[in-house]
> 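The structure under discussion is supplied below as structure tokens; questions concerning it will follow.
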Amino acid sequence: MALVFMDCLESFISKMDFVSRNNFNSFKLHSLFSIKGVRREWDLLRASFNFWDPEDHVFRFHLDEICPTIEEFSAILDIDQHLPFAVPVLKRSYHETLCEVLGLPLPIVMKMLESRGLNLRLLLEEAQTKVPNSVLESHKKLSALAMAFIGEFLLSSPHSEFADVRISTLIPQLLQGKSIVPIILAETLNGLDAVVRGETSILLGSPLVLQLWLMDRLALVAPPTVAIYKPKHYKTRSLTRPDLQSEKDFLVELCHRTGKHIRWSCPWWQCGLPILRSPGRDHVSVFGLGSNSFYRGDRVFRQFGLRQHIPAEGVPHAQKDLMPQLITKIERNWTHPTKADSMSSRTKSFLMSDSYKTWITEKVWIREAKRIDERKKYLKSLRKESKKKRKWEQDS
């Protein structure tokens, strides 16, 4: 069914003229024209789950930690990191919002809604056939494309070809110049937690953007050769390890990774000063479509060319379902976030201070030793499966 949706999506895009593509830039989703065709490396993603710590929200390779941030996801999607952030709008029903955003009558909108969510294929088909072709209505069709892009590539649902209807409330905010990146990041981080905790086998959020981030940070794709890098250049970059062809291959490779194998510097992203934490917290608060999430910016100083020191203390994260008062509280915190002092403090040494090494060892080593043992057992099971598969192929 996903193939049917992609055919519908490509058909929709092929009928867009220069003016329509230019107008679509208003949604800040233009990068998806280029990166939507990137091959999904599901084996890499599945292998990476074994290194995700849902308690600290980091990928940990022995004692070296990395985590995607707002600045980095913004760079990958070519969205200005300084834009105000879009926020989820809580409603009892989203029918009227869909009618307003798409310019379609309620009976047609109801046809798109099923128990699994908003049918993205029907969304594009109805937008193409039912929305008038006048200049006045052009943004309505583009809004349908924006929702399809978001639902398929940025805020995926458990069901292929369907999207969470709540994404409809984000469309007017994107047209107002707001960024969807914090919501994408929150959903992806919570999605990683759910997979690692065994609640689901499907990664929600944006597997695509997470993959692009991992490929760069783990140096699995060569650095770009162009002076001014854009998402359209990603597919021109060659793989550094084309021999990694299975989850087992990726897992073996990642088990041997340490800090010296991490690409700490990705200057082509041109990230600005990183946000380290929300006021009074020991983390950066972000919210997804249904609940809040977090990451600890001052646990990943090295991703921004800063020497890693012991992070500041503060109120720890508490995951909660989104309520109006929680959204208001997080929005208020965003007005005065704590950032790194200045770009001049970047050492480009990508080292940990001695005090931090002692701190991180005491904090996570017992837990990490257990995770290493779990990875060894899982790798052993993958090797057994691979051996059985080879034997079956030989016998057949």
> With sequence neighbours excluded, tell me which residues meet ring-ring contact (aromatic ring centres under 6.0 Å, His included) with Tyr356.
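Listed in chain order: Trp359.
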> Are the side chains of Arg296 and Pro311 in contact, using a 4.5 Å heavy-atom criterion?
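With C-beta onward as the side chain, the pair stays apart.
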> Is the NZ or CZ atom of Arg21 positioned over Phe33's six-membered ring, under 6.0 angstrom from the centre and within 45° of the axis?
yes
> Should side-chain heavy atoms under 4.5 Å link Ile, Leu, Val, Met, Phe, Trp and Tyr, which residues sit in the same cluster as Phe18?
none
> Between Thr200 (side chain) and Ala194 (backbone), is there a donor-acceptor pair under 3.5 Å?
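Answer holds: no.
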> Run Phe149 and Phe24 through ring pair (Phe, Tyr, Trp, His ring centres under 6.0 Å) and show every step you take.
CA-CA 12 Å; Phe149 268 164; Phe24 191 74; 5.7 Å; yes
> In terms of relative ring orientation, are His57 and Trp52 parallel, tilted or perpendicular, with 30° and 60° separating the classes?
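His57 vs Trp52 ring planes: tilted.
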> Have a look at Asp64 and tell me which of Arg257, Arg302, Lys260, Arg299 forms a salt bridge (charged side-chain N to carboxylate O under 4.0 Å, His left out) with it.
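Passing option: Arg302.
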> Classify the angle between the aromatic ring planes of His159 and Phe162 as parallel (below 30°), tilted (30 to 60°) or perpendicular (above 60°).
perpendicular
> Do Asn292 and Val286 have side-chain heavy atoms sitting under 4.5 Å apart?
no
> What is the distance from atom CD of Glu187 to atom CG of Asn190, rounded to the nearest 0.5 Å?
6.5 Å
> How long is the straight-line distance from CG of Leu77 back to CG of Asp80, given to the nearest 0.5 Å?
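One finds 12.5 Å between CG of Asp80 and CG of Leu77.
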> Suppose the criterion is salt bridge (charged side-chain N to carboxylate O under 4.0 Å, His left out): which pairs have a residue in residues 209-228, not counting sequence neighbours?
Glu72-Arg217, Asp216-Arg237, Asp216-Arg263
